[in-house]
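Everything below concerns the one structure shown next.
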Amino acid sequence: MNDVVIRVEALSKRYRIGAKEKADRTFREVLTDMAAAPFRRLKNLGKSAPSEETIWALRDVTLEVRRGEVLGVIGRNGAGKSTLLKILSRITEPTKGRAEIRGRVGSLLEVGTGFHEELTGRENIYLNGAILGMKKAEIERKFDEIVAFSEIEKFLDTPVKRYSSGMYVRLAFAVAAHLEPEILLVDEVLAVGDAAFQKKCLGKMDEVSQTGRTVLFVSHNMSAVQSLCQRGVLLRAGQLALDGPIDEVVKEYLTYLANGSKHAFDDNPERSGNGLVRLTAARVLDESSRPSQHLIAGRRATFEFAYKNASEAKQANVILTIFNHLGVAVTHLDMRLTNFAMGRLASSGKFLCTVPDLPLPMGQYRVAVGVQVNGQLSDLIPNALVFDVESSTFYDSGRSPAVKWCACMVKHNWSHDISEPSGSSRNDGEQNVVRS
Amino acid sequence: MSVRLDEPKDTRADTGEALPKGEPSAGPAVSSLAGADGAVTVIEPRRGWAGIDLKELWRYRELLYFLTWRDIKIRYKQTLLGAMWAIIQPTLTMLIFTLFFGRLAKMPSDGIPYPIFVYTGLLPWTYFANALTSASNSLVGNARLVTKVYFPRLMIPMGAAIAGLLDLVIGGSVLGILMVYYSVIPPAAVLLFPLLVFFTFLLAVGVGLWLSALNVQFRDVKYVIPFAVQIWLFCTPVIYPTSMLKRYEWVMNLNPMGGLIKAYRACVLGHMPLDWTALAVSGGLTIAIFLGGTFYFRRMERTFADVV
């Protein structure tokens, strides 16, 4: 069972920056381009092509995947994860290098590829199945199973354009989950759908990997990656940065992310938004209002964000999401949740968000921050801040629960009523506590 | 990107390090995707021209069926008259042409009543124009598919052109009614009708391949098509008979649709013998355009996902 099914050798892919815009160029532009080309070539004589014009989305990536291995591919946006999967699924060609794949490949780069709005759920199951590579007979055989998994029996003959987005995703994933190739390439498809369904999908994915199938799994959800994969590769700027046991790779990635947050406010490829109001700096303040990376649970913590407003915007809404080391969103802080009236935006200023008793267990955290102006995203920095929680005074005992059982601490009180008799029920009670 | 299913005898597979021999696949039944059992798919930059991979097309035949089926299903969704449009469109055009060209302009029609004369031309022409247009816009219209799944891209314009055949069949019923009405008894050559339809399909796909590949890069194509189709209509003997061109009738042979429309009339109406020379020239040109289209398409195909 140890044979290599995917062998990637020095695989590279170069994109021309702005290639997307160039797609829509007209004949006239091409003609002027062609006319100007000889002159440009003369001018650049002896010089190599300017490097700003191209970007290596993938550079000299070499790796091997053995049969039955479930490989997690992680890295920041733009690190080349999707490009790697696109090349292996033959959607796009590499610029250099080669890859060999032994066996049938199924790729799942998006949920619901080829779904047609006007067609019914039933029709879309067939269409989507065929597009993903299933045979008609195979779809027919699995049809009932797919429908049951999707939980949309009642709407099977309704056009999917009338579906809620949740139903749409469930149906789409149900089809995809029943794809049974020897090698499965999956790209961040679990980022959609509600939590319960995500869990169900993870279960199904886990099942798939148990059957000895080879899976390449790209995700930002570190807990999903860690639970599904044994081995991981970390891509950084198109290059293979690390290849090893998944826990090691995830740890390296999180450290890397933490370092990355130093540059979160300048030249951050993960930043997005229309820029009406932009954040310029962020820091965490401890209970004595001193900047700190290391916080104590149960004490006050303040998140501070400096902004610049170069537009006419008068109002903004700021949202924070705190992620733990597994990439799980632990909590979400939002001006709207507290009915905060900020007053008028100035041309620059600071937003401060204070958490009185920080309820986070010990560990490493990342803060994503977003600014909305008139309902539009003005600035979004997924890795604005990183901090550690190092000790806890959250509970009076000074203890804190094991991280394994706790993503967020909750104040609670115990009481004890004595009732007669029964010794055995107490044992049951203890077991329940341990299990939950 | 060159993707070959290397048979053991393929020497190029041995230039790289050979993969260890695969065990027969374990686990439950697997779906057939890119690659047959135990086959090695090699992915590397591809240069130069590539022909059609018939084996691969055959493997994906069911997808072609589903793409065609989808195009047919959605064509008349949420319309009141549904497939009636396949009759209304050519029939109304026929009536308008009969009024303006037949009655008012007194266009000659080789002694055949003008309505049936123009309809035998309009029916294949309508199919050709629609198939050509939808094939040309198909890649851009299916951009999501192109960037997210792999399958032979040829399937997209082909599926679009095949879907239009249903309209041709439905529109054919009007031709039947007209033939009964004008008591036209078709000659034995009518048996060639399916062959003519095949060539019309091939021509529509052939031109569609060129234009759809160009459309990916230059969206100008979208604006050129309706205009070009209209000009092509006037260069084709749909409204008028080729006999009108007298001495220059041979020029019409350079337009592959010209020879085909002429053959359609000869097959259905039997008012004149089949012009084998014209048909042969049309057929030859059609095959050339189709082959050229596939080669051009296959060459451009590798950048579709990056550019579309």
Side-chain angles (χ1 to χ4, degrees), chain A residues 1-5 7 9 11 15 19-20 22-28 30 67-68 86-107 109-110 113-114 116 118-119 123 126-127 129-136 138 159 179-182 211-213, chain B residues 1-3 6 13 16-23 25-46 60 62-63 65-67 69-70 73-74 77-78 142 144-151 216-220 224 301-308:
Chain A
M1 288 297 277
N2 260 352
D3 47 351
V4 175
V5 287
R7 168 168 292 154
E9 285 163 21
L11 207 63
Y15 279 107
K20 278 270 177 204
K22 274 202 167 166
D24 283 328
R25 63 192 187 161
T26 56
F27 281 128
R28 191 179 58 83
V30 171
R67 187 183 302 277
K86 276 193 173 181
I87 293 175
L88 293 180
S89 355
R90 298 160 64 189
I91 291 164
T92 186
E93 65 157 6
T95 312
K96 284 197 304 195
R98 79 189 242 126
E100 290 176 356
I101 300 182
R102 181 175 286 274
R104 298 178 186 125
V105 178
S107 57
L109 303 195
E110 180 191 57
T113 307
H116 200 285
E118 298 283 350
L119 297 179
E123 290 163 341
Y126 279 95
L127 180 63
I131 284 168
L132 291 176
M134 287 192 228
K135 292 254 175 256
K136 193 166 172 244
E138 192 185 346
L179 194 62
E180 292 183 339
E182 289 160 297
T211 55
R213 218 162 291 138
Chain B
M1 177 172 68
S2 124
V3 178
D6 288 334
E17 235 187 304
L19 288 170
K21 283 277 166 273
E23 292 168 11
S25 69
V30 285
S31 61
S32 141
L33 292 165
D37 253 332
V40 178
T41 311
V42 176
I43 298 169
E44 58 190 355
R46 197 174 63 178
Y60 279 90
E62 282 193 349
L63 180 58
Y65 163 78
F66 275 112
L67 288 176
W69 170 83
R70 175 196 67 175
K73 276 259 171 188
I74 60 178
K77 278 264 164 150
Q78 218 167 1
N142 286 291
R144 287 288 288 278
L145 275 191
V146 173
T147 54
K148 297 292 180 189
V149 213
Y150 174 78
F151 55 89
V216 168
Q217 229 173 349
F218 310 107
R219 295 292 144 83
D220 309 58
V224 171
E301 170 178 75
R302 11 189 139 144
T303 56
F304 283 171
D306 299 336
V307 180
V308 74

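Remember, it's a predicted structure, so these values are computed and weren't measured experimentally. Just so we're on the same page: letters track the sequence lines, and every chain starts at 1.
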**Asked** Rounded to the nearest 0.5 Å, what separation is found between the NZ atom of A:Lys86 and the CG atom of B:Asp306?
**Response** 7.5 Å

**Request:** Using a strict 4.0 Å threshold on nitrogen-to-oxygen distance, state whether B:Arg46 and A:Glu93 make a salt bridge.
**Result:** no

**Complete:** Rounding to 0.5 Å, atoms CD1 (B:Ile74) and CG (A:Leu127) come to a distance of 9.0 Å

**Request:** Among the options A:Ser89, A:Pro159, A:Ala130, A:Ala99, pick out the one with the most heavy-atom pairs lying under 4.5 Å from chain B.
**Result:** A:Ala99

**Message:** Please classify the contact between B:Tyr65 and chain A as side chain, backbone, both or neither, with a heavy-atom cut-off of under 4.5 Å.
**Reply:** side chain

**Message:** What's the separation between atom CE in A:Met134 and atom CG in B:Leu63, rounded to the nearest 0.5 Å?
**Reply:** 12.5 Å

**Request:** Apply side-chain contact (heavy atoms from CB on, under 4.5 Å) to A:Glu110 and B:Arg144, showing your working.
**Result:** CA-CA 10 Å; A:Glu110 180 191 57; B:Arg144 287 288 288 278; 2.6 Å; yes

**Request:** Under the side-chain hydrogen bond (donor to acceptor under 3.5 Å, both in side chains) rule, collect the residues that match up with B:Glu301, sequence neighbours excluded.
**Result:** B:Arg298

**Prompt:** Taking the side chain from B:Glu62 and the backbone from A:Lys136, do they hold a donor-acceptor pair closer than 3.5 Å?
**Reply:** yes

**Prompt:** Given the rule in the side-chain contact (heavy atoms from CB on, under 4.5 Å) test, do B:Val149 and A:Leu109 qualify, once you have shown the distances and angles that lead to the verdict?
**Reply:** CA-CA 8 Å; B:Val149 213; A:Leu109 303 195; over 6 Å; no

**Item:** Spacing of CD1 belonging to B:Ile43 relative to CD1 belonging to A:Ile101, to within rounding of 0.5 Å
**Value:** 4.0 Å

**Message:** Show the nearest heavy-atom pair for residues A:Ile91 and B:Val146, with the distance to one decimal.
**Reply:** CG2-O, 3.4 Å

**Request:** Can you spot which of A:Arg90, A:Arg102, A:Arg104 makes a side chain to side chain contact (heavy atoms under 4.5 Å, CB included) with B:Thr41?
**Result:** A:Arg90

**Request:** Please name all residues satisfying ring-ring contact (aromatic ring centres under 6.0 Å, His included) with B:Phe66, sequence neighbours left out, ordered by chain then number.
**Result:** B:Trp69

**Request:** Please report the closest heavy-atom contact between B:Pro45 and A:Gly97, naming both atoms and the distance.
**Result:** CD-O, 3.2 Å

**Prompt:** To the nearest 0.5 Å, how far apart are CZ in B:Phe151 and CG in A:Leu132?
**Reply:** 11.0 Å

